[in-house]
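Report on one structure; see the data block that follows.
Chain letters run A, B, ... following the sequence lines, proteins first and then strands; every chain starts at 1.
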There are 2 protein chains.
Amino acid sequence: MMLSKSCIYGVQAAIYMASLPRNEYVSIQQIAAKLNISFHFLTKVLQNLTQAGLLISYRGPNGGVALARPSSQISLADVIDAIDGSDIFKECLLGLPGCGVADPCPAHENWTSMRSRLHHLCSTLTLEELGKRANQLNVRLANSRAPINPAKLLTEAR
Amino acid sequence: MMLSKSCIYGVQAAIYMASLPRNEYVSIQQIAAKLNISFHFLTKVLQNLTQAGLLISYRGPNGGVALARPSSQISLADVIDAIDGSDIFKECLLGLPGCGVADPCPAHENWTSMRSRLHHLCSTLTLEELGKRANQLNVRLANSRAPINPAKLLTEAR
DNA sequence: TTGTATTAAGAGTGCTTTATCTGAAATTAT
DNA sequence: ATAATTTCAGATAAAGCACTCTTAATACAA
């Protein structure tokens, strides 16, 4: 898998938050229910994002998490970096430590161009853009087709 | 990690075989020694490649494995596919099952173009090309700096 | 002040990947 | 034949990742 499961969950949650009409505190439980993810696990994942300064969290009733910056100023790469680290954007295809211009692996040249393309894509793709698309018809975010009614969702989350 | 460790070992071994002057049976022990990989583990990995029809194996003294086709007719994608499967070339960035044109995720459009680029790169990069580069000066293949003298290597491999 | 909702933190469990080991089967050489 | 060499197959062990659960800390509301 390209991204770890933790990372995918984090990205999904971040996009979900960016897709909301206003940036306000959302409970992790609500996000987990909406995205069909284990609440406890998502909690751990989002802790990474708050510690990285991408989210702000607030405990207690009506608490939750919110984007620390405007969604236009958080890139996909920011989120990936906070959870999986920046290895994907730096690593050698053949996993050779220290692979670089001075000491390249046979695939070095092809791979670096690919990698930088990937990095560019992820750095310029913002949560704002992704959130907008998530709001469009026929564009989905959750792991399984979920019911649309938010009230129902909260009930299901118990 | 982009590729699994098994896959990386398999690719490295395949490139090593392609880098040899002629395509003849090489013992897995020799490859493992050259690449600094656990012999037993590499054995398991290469079994995947033989079962996929990419390698031919021969038991007994002077046996070993050899490329089943000319190195120019085996692509990097072939090797990756045989070990890790073709998920990397097909998967949704956000890990959503069934993500496609009809039912896209928010990152679908950006990701598919990236993915097809990756697939194209891996399909057109042949073991012949990679083997050639592995033979060039200052291009390395093994996980750690290895001695250059092939005779010495054979001795070390016992 | 007490109760409740919520995130934070960390310990614990199970599964997958990675790695090791052993014996069997095949092939060659003596 | 017998011994030596090599891949094949399966069992086992160790490590890492995904996930769960429990307890603490924090904040609000009645």
Side-chain angles (χ1 to χ4, degrees), chain A residues 1-13 17 24-68 82-85 87-88 95 143 154-155 157-158, chain B residues 1-13 17 24-33 35-68 80 83-85 87-88 95 143 154 157-158:
Chain A
M1 211 160 356
M2 186 77 199
L3 304 176
S4 74
K5 228 120 188 254
S6 299
C7 192
I8 287 177
Y9 291 162
V11 171
Q12 286 180 359
M17 284 187 267
E24 50 194 8
Y25 288 106
V26 190
S27 80
I28 300 182
Q29 202 150 57
Q30 182 185 332
I31 305 176
K34 173 75 182 176
L35 300 179
N36 243 34
I37 304 176
S38 149
F39 162 68
H40 287 290
F41 192 57
L42 185 59
T43 285
K44 288 236 121 320
V45 173
L46 295 191
Q47 273 172 30
N48 289 332
L49 295 183
T50 61
Q51 279 161 15
L54 261 42
L55 297 184
I56 296 176
S57 68
Y58 208 76
R59 302 194 207 183
N62 302 320
V65 290
L67 298 176
I83 299 177
D84 270 0
D87 280 357
I88 327 171
N143 294 284
L154 284 168
T155 325
R158 187 171 350 117
Chain B
M1 208 160 358
M2 186 79 198
L3 303 176
S4 74
K5 226 119 188 259
S6 298
C7 193
I8 288 177
Y9 291 163
V11 171
Q12 287 180 358
M17 285 187 267
E24 52 193 8
Y25 289 105
V26 190
S27 82
I28 300 182
Q29 202 148 56
Q30 181 186 333
I31 304 176
L35 300 179
N36 243 33
I37 303 176
S38 148
F39 162 67
H40 286 289
F41 192 58
L42 185 59
T43 284
K44 287 234 132 333
V45 172
L46 295 192
Q47 272 171 30
N48 289 331
L49 295 183
T50 59
Q51 279 160 14
L54 262 42
L55 297 183
I56 295 176
S57 68
Y58 209 76
R59 301 192 206 184
N62 302 320
V65 290
L67 298 177
I80 293 175
I83 299 177
D84 270 0
D87 279 357
I88 329 171
N143 294 284
L154 283 170
R158 187 174 357 107

Using whole Å, report how far NZ of A/Lys5 lies from P of C/dT17. 11 Å

Let me spell it out: for each of A/Gly63 and A/Gln51, pick the nucleotide of DNA chain C with the closest heavy atom. Which residue's pick is nearer the 5' end? A/Gly63

What integer distance in Å separates B/Ile28:CD1 from D/dT5:C1'? 13 Å

OP1 or OP2 of D/dT7 versus the side-chain N and O atoms of B/Ser57: is any pair under 4.0 Å? no

On a heavy-atom basis, the closest approach of A/Ala13 and A/Ile31 is CB-CG2, 3.8 Å

Show me the side-chain donor-acceptor pairs of residues 46-63 of chain B shorter than 3.5 Å, one per line, residues at least two apart or across chains.
residue	atom	partner	partner atom	Å
B/Thr50	OG1	B/Gln47	O	2.8

Taken to the nearest whole Å, CD1/A/Ile56 to P/D/dA27 is 14 Å

Would you give the length of the straight line joining atom CG of B/Asp87 to atom CE of A/Met2, rounded to the nearest 0.5 angstrom? 13.0 Å

Check whether any side-chain N or O of A/Ser6 sits under 4.0 Å from OP1 or OP2 of D/dC17, and answer yes or no. no

Atom-to-atom span, CG of A/Leu42 to P of D/dA18 - whole angstrom: 14 Å

With the sugar-phosphate defined as primed atoms, P, OP1 and OP2, and the base as all remaining atoms, what B/S/- string results for nucleotides 21-30 of chain C, 5' to 3', for protein heavy atoms under 4.0 Å? BB--BBBBS-

Taken to the nearest whole Å, CG/A/Leu46 to P/D/dC19 is 14 Å

Spacing of CG belonging to A/Leu42 relative to NZ belonging to A/Lys34, to within rounding of 0.5 Å: 14.5 Å

Among the nucleotides D/dA9, C/dT6, C/dA19, which one has an atom lying closest to any side-chain atom of B/Phe41? C/dA19

For DNA chain D, whose closest nucleotide is more 5', that of B/Thr50 or that of A/Leu3? B/Thr50

How many Å lie between CD on A/Gln47 and P on D/dT23, as a whole number? 17 Å

If the cut-off is 4.0 Å, is B/Ser27 near the phosphate of D/dT5, judged by side-chain N/O to OP1 or OP2? no

So A/Leu3 and A/Ile83, do their side chains get closer than 4.5 Å, heavy atoms only? no

Atom OG of B/Ser38 and atom NZ of B/Lys44: how far apart are they, to the nearest 0.5 Å? 11.0 Å

Spacing of CD belonging to A/Gln30 relative to CG belonging to A/Leu35, to within rounding of 0.5 Å: 10.0 Å

Taking CZ from A/Phe39 and P from C/dA5, how many angstroms apart are they, rounded to a whole number? 13 Å

Between C1' of D/dT5 and OH of B/Tyr25, the distance in whole Å: 16 Å

Considering every strand and a 4.0 Å limit on heavy-atom distances, what is the contact class for B/Tyr9: base, sugar-phosphate, or nothing? sugar-phosphate

Tell me whether the OP1 or OP2 atom of D/dT7 has a side-chain N or O from B/Thr43 closer than 4.0 Å. no

